[in-house]
Amino acid sequence: MKRLEKWIWLDRQTYPDAQTTILHPDACSQLETEQRGHYTVAEFAKTYHFTKRVKSADLRFGGDTTYDVWLNGALLATGPADVGGDFLFNDVSRDPFYATELTVSPDSDTLLFYARVKMQPVRINEYSKGRGGFMLTAHLTFEDDTVAVITTDRTWSARRNGQYPAPYRFDGEVQPDEYSCAEEIPNIWHTETAPIPVRTEELLYPDGGGVITVPPHSEKTVRLEYDRVYGGFLSVSVKTVGPLKVEVVCFESEEPTGREELTFSADTQYRGLQLHSVGGFSVTAENDSDQEAVVTVGCIATCYPAPECAVVMTSDAGLNFVLRQCVHALQYCRQTMHLDSPRHCEPLACIGDYYIESLMTAFSFGDMRLAAFDVRRTAESLRHHDGRMFHTAYSLIWVLMLYDVYRFTGDRALLEDCADGLWFLLYRFESYVGNTGLIEHPPDYMFIDWLEVDGYSLHHPPKNLGQSCLNMFYYGALATATQVYAILGMEAMAEQCRQKAEELKASINRLLYHAKAGLYCEGLSTPTPEEELYTYLPQSNGKTYYRKHANIPAAYFGICDPAQAQTLLRRVIADGSLGECQPYFMHFLLEAVYRNGLRELYTVPLLERWKQAAAKCPKGLQEGFIRPGSYPFDLSHAWGGTPLYALPKALLGFEMLEPGFRKIRLKPALLGLSSATVEMLTPFGRIVCRQEAGRMPVVDVPRGIEVAE
């Protein structure tokens, strides 16, 4: 569809204070301001009557900041697809903004469009172009195959709905304004089409149906539980003849994760505007009327569509339960971009999370379009900001994600589209390298892990707790970039990256490996220059640390030889003095075990940690195993779901030999289990592997996939 965009908004004469998203219109994210002065919910409507039935409608629409769009009383989509963003550079507007395209079959001579648009970033994954706006274009095909085009314009009706005075508040005692003509406004968005389908949703009620009956002039508080933690919007239906106040506190297990305050004066169906992470509700309803009131509370569970899911079943019931938790958490972290969790809704800055989620997706849902979109959006950020991202190590992990998403899709265009972003990233990191041949002058060493060591957070550690990991991830990025450039036929760039990787490896082994300890240290104990210190780069305490974190990527990336890698991994797994790892870093440990020929020995024993966590928290997937200080872990964090990737891969002995599943290798193994059935979705169909102790594995592979010996 051609991009015809005619944007409308509330009339500026009537609503002069409801035009820009925030008090400082140059800022585009909630991160940049705590002020909410311009929060507005606008509504747009238009009814078209035709003399013949509309057979199909190709729709394209978008809005700033978020919206839901309806046609003839049915929801079309919530959106837009997130820009992506970072924790940095939020003082300038981000490009591009995304529109939604879809085709519907109204089979009607009447089209009634309605859109509700919230103007103002509220969650940290939301971004704005600095003002409110909405656009819709529809290419119509009638029953006689004639066509017409309709667009938003000044004939559409518009109003501000004052029932939404602030985020997470609704006041039904306020009457919405009367509709008047919309105002056509300049197109500052120039949207690109989001290359993903619209989200699906399902209204789910908690145990018992979520119905609360409140006697006249009384107050009631009720706790409502779900079987699992879901991501979605709040739904509240009330029947009342007078004032009724409802406070809904969302929780995953115990700690509140969100709150909405609602006031009603008549029967109302309320639909929330912001995503929550919901394992249940604590609902307080105060009925000031003379008659009984009824409140029904539910969650509109919302996620990226998942029509298929591969199933892994083993003889270990505990492992099976862990896998179900992992796939459930992943499902609700897949929204219009991957999220760390529906609770935190962090931007694409957290690419370490989304890399793991992309690999989990490859072994479960199989649809890699969202992961590819995340890769491209991150490249957009890198090219616009000279290769800088807030989480320095995470930006290097983006290179791994780029290459692996390419391998699973076979989409060479992904590499082509991201090549300039890759250059900016590597060029920036080259400037961080000091005279030692190591990275010595980065903006910080984050992110390593959600742990505390000697009062330091490994979220943003000092040099002596973060330097080794950052250098090893830099090595991994250079080695991966070598492969990317070779695929693209850029031989000079490939050779340049290869040489830099070899030089860096030599420096790592010379300066960070200590033969006497038989381990890599976590970083040099030399101080950081005072002028480089800031909140996220504290001064080292002068100690030399030996922990798991530096030694895992040494084996994972092949910085040491295979025999030494096996020795390191055995020590990391057995030696409690080397500290702990959270689920995030355990991903790299499990992958290092696989790459170094230890999968049959260690995969299942390492997954015992998840079985213990699942037994303590059966409703959700914990963000971590060990809670650092007072940090509140969420229970819907998909980075903790790496067993969904590690276990089926290890059971299959899977190796991608040619991108897009054109050629693979399978070496099935039971890993000490008595039986296992593993499915894997591919573009050619479903791979199925059945194993039982004492029998040869039975493997079904679709036509079109070559299986190497």
> Does the side chain of L470 come within less than 4.5 Å of L396's, by heavy atoms?
Replying inline: yes
> How far apart are the closest heavy atoms of P648 and V678, and which atoms are they?
Replying inline: CB-CG1, 3.8 Å
>> So does G620 get a backbone contact from the side chain of Q325, meaning a donor-acceptor N/O pair under 3.5 Å?
In response: yes
>> Is it the case that over 12 heavy atoms from other parts of the model lie below 6.0 angstrom from the NZ atom of K245?
In response: no
> Do the side chain of T480 and the main chain of V399 share a donor and acceptor less than 3.5 angstrom apart?
Replying inline: no
> Are the aromatic rings of F251 and F281 close, with centres under 6.0 Å apart?
Replying inline: no
> Is it true that a side-chain atom of N596 and a backbone atom of A555 form a donor plus acceptor pair closer than 3.5 Å?
Replying inline: yes
> Do the non-hydrogen side-chain atoms of L598 and I573 ever get within less than 4.5 Å of each other?
Replying inline: no
> Regarding T314 and N320, is there a side-chain donor-to-acceptor distance under 3.5 Å anywhere?
Replying inline: yes
> Judged by atom type as modelled, is there a donor-acceptor pair below 3.5 Å linking the side chain of E202 to the main-chain atoms of A301?
Replying inline: no
>> For Y456, I'd like to know if atom OH has over 12 heavy atoms of other residues, nucleotides or ligands within 6.0 Å.
In response: yes
> Do H637 and L621 come close enough that some side-chain heavy atom pair is under 4.5 Å?
Replying inline: no
> For P461 and L458, which heavy atoms make the closest approach, and how far apart are they?
Replying inline: CD-O, 3.5 Å
>> Let's go through R223 and E254 carefully: what are the C-alpha distance in whole Å and the side-chain angles of both, what is the deciding distance for salt bridge (charged side-chain N to carboxylate O under 4.0 Å, His left out) to 0.1 Å, and is it a yes or a no?
In response: CA-CA 11 Å; R223 183 179 174 93; E254 297 299 331; 3.8 Å; yes
>> Has E346 got a side-chain atom pairing as donor or acceptor with I124's backbone, closer than 3.5 angstrom?
In response: no
> Closest heavy-atom contact between G231 and L275?
Replying inline: C-CD1, 4.0 Å
>> Using modelled atom types and a 3.5 Å cut-off, is there a donor and acceptor pairing between side-chain atoms of D575 and backbone atoms of R571?
In response: no
>> side chain to side chain contact (heavy atoms under 4.5 Å, CB included) for Y354 and M337? Distances and angles first, verdict last.
In response: CA-CA 9 Å; Y354 312 138; M337 57 172 253; 4.1 Å; yes
> Going by atom types alone, do Y546 and N551 pair a side-chain donor with an acceptor below 3.5 Å?
Replying inline: no
> If you measure from CD on E522 to CD on Q467, what distance do you get to the nearest 0.5 Å?
Replying inline: 11.0 Å
> At what distance, to the nearest 0.5 angstrom, does OG of S364 lie from CG of L359?
Replying inline: 10.5 Å
>> Set out, in order, the CA-CA distance, both residues' side-chain angles and the distance that settles ring pair (Phe, Tyr, Trp, His ring centres under 6.0 Å) for F365 and Y304, then state yes or no.
In response: CA-CA 10 Å; F365 300 120; Y304 184 92; 8.6 Å; no
> Between V327 and C309, is any pair of side-chain heavy atoms under 4.5 Å apart?
Replying inline: yes
> Shortest non-hydrogen contact from C333 to P342?
Replying inline: SG-CD, 4.0 Å
> Does the gap between the ring centers of Y39 and Y164 come in under 6.0 Å?
Replying inline: no
>> Tell me which pairs pass salt bridge (charged side-chain N to carboxylate O under 4.0 Å, His left out) where either residue lies in residues 450-466, with sequence neighbours left out.
In response: E440-K463, D454-K543
> Are the side chains of Y205 and V211 in touch, meaning some heavy atoms are under 4.5 Å apart?
Replying inline: no
> How would you list all residue pairs meeting salt bridge (charged side-chain N to carboxylate O under 4.0 Å, His left out) that involve residues 628-651, not counting sequence neighbours?
Replying inline: E591-K649
> What closest approach, in Å, do T296 and G209 show between heavy atoms, and which atom pair accounts for it?
Replying inline: CG2-O, 3.9 Å
>> Given the ring of Y556, does R595 sit roughly above its face, with NZ or CZ under 6.0 Å from the centre of the six-membered ring and within 45° of the axis?
In response: yes
>> For the residue pair E252 / T257, report whether a side-chain donor-acceptor contact shorter than 3.5 Å exists.
In response: no
> Is any side-chain heavy atom of R324 closer than 4.5 Å to a side-chain heavy atom of R228?
Replying inline: yes
> Looking only at heavy atoms, what is the nearest atom pair of P643 and L323, with distance?
Replying inline: O-CD2, 3.6 Å
> Side chains of N471 and S468: closer than 4.5 Å at any heavy-atom pair?
Replying inline: no
> Can you tell me how far SG of C326 sits from CD1 of I356, rounded to the nearest 0.5 angstrom?
Replying inline: 11.0 Å
> Hey, are the side chains of R388 and D86 touching, using non-hydrogen atoms and a 4.5 Å cut-off?
Replying inline: no
> Who pairs with E308 by side chain to side chain donor-acceptor pair (under 3.5 Å), at least two apart in sequence or on another chain?
Replying inline: R686
> Is the distance between the ring centroids of W639 and Y355 under 6.0 Å?
Replying inline: no
> Does Q582 use its side chain to pair, donor to acceptor, with the backbone of G624 at less than 3.5 Å?
Replying inline: no
>> Looking only at the aromatic ring of each residue, does the gap between the centers of Y168 and H276 stay below 6.0 angstrom?
In response: yes
> Should the pair Y432 and F429 be assigned to parallel (<30°), tilted (30 to 60°) or perpendicular (>60°) ring geometry?
Replying inline: perpendicular
>> Using only atom types and a distance under 3.5 Å, with no angle test, would you say the side chain of R377 pairs donor to acceptor with the backbone of D82?
In response: yes
> How many angstroms lie between atom SG of C350 and atom CG of D340, to the nearest 0.5 angstrom?
Replying inline: 5.5 Å
>> Before you tell me yes or no, could you show the steps for Y602 and L589 under side chain to side chain contact (heavy atoms under 4.5 Å, CB included), namely the whole-Å CA-CA distance, both residues' side-chain angles and the distance that decides it to 0.1 Å?
In response: CA-CA 10 Å; Y602 288 123; L589 176 56; over 6 Å; no
> Please walk me through it: do F585 and C469 pass side chain to side chain contact (heavy atoms under 4.5 Å, CB included)?
Replying inline: CA-CA 11 Å; F585 222 85; C469 283; 4.0 Å; yes
> Are the charged groups of R627 and E580 less than 4.0 angstrom apart, N to O?
Replying inline: no
> What distance separates L319 CG from M313 CE, expressed to the nearest 0.5 Å?
Replying inline: 11.0 Å
> Taking atom CG of L339 and atom SG of C303, what is their separation to the nearest 0.5 Å?
Replying inline: 11.5 Å
> Among F588, F447, Y394, whose ring-ring contact (aromatic ring centres under 6.0 Å, His included) with F473 holds?
Replying inline: F588
>> Has Y584 got a side-chain atom pairing as donor or acceptor with E623's backbone, closer than 3.5 angstrom?
In response: no
> For the residue pair H328 and Y230, is the inter-centroid distance of their aromatic rings smaller than 6.0 Å?
Replying inline: yes
> side chain to side chain contact (heavy atoms under 4.5 Å, CB included) between I196 and R334: does it pass, once the steps are laid out?
Replying inline: CA-CA 11 Å; I196 54 173; R334 283 162 33 106; over 6 Å; no
> Using the ring of each side chain (for Trp, its six-membered ring), is W450 parallel, tilted or perpendicular to Y631, with breaks at 30° and 60°?
Replying inline: parallel
> Does the D449 side chain pair with the main chain of L451, one donor and one acceptor, at a distance under 3.5 Å?
Replying inline: no
> Taking the six-membered ring for Trp, are H459 and Y536 parallel (under 30°), tilted (30 to 60°) or perpendicular (over 60°)?
Replying inline: tilted
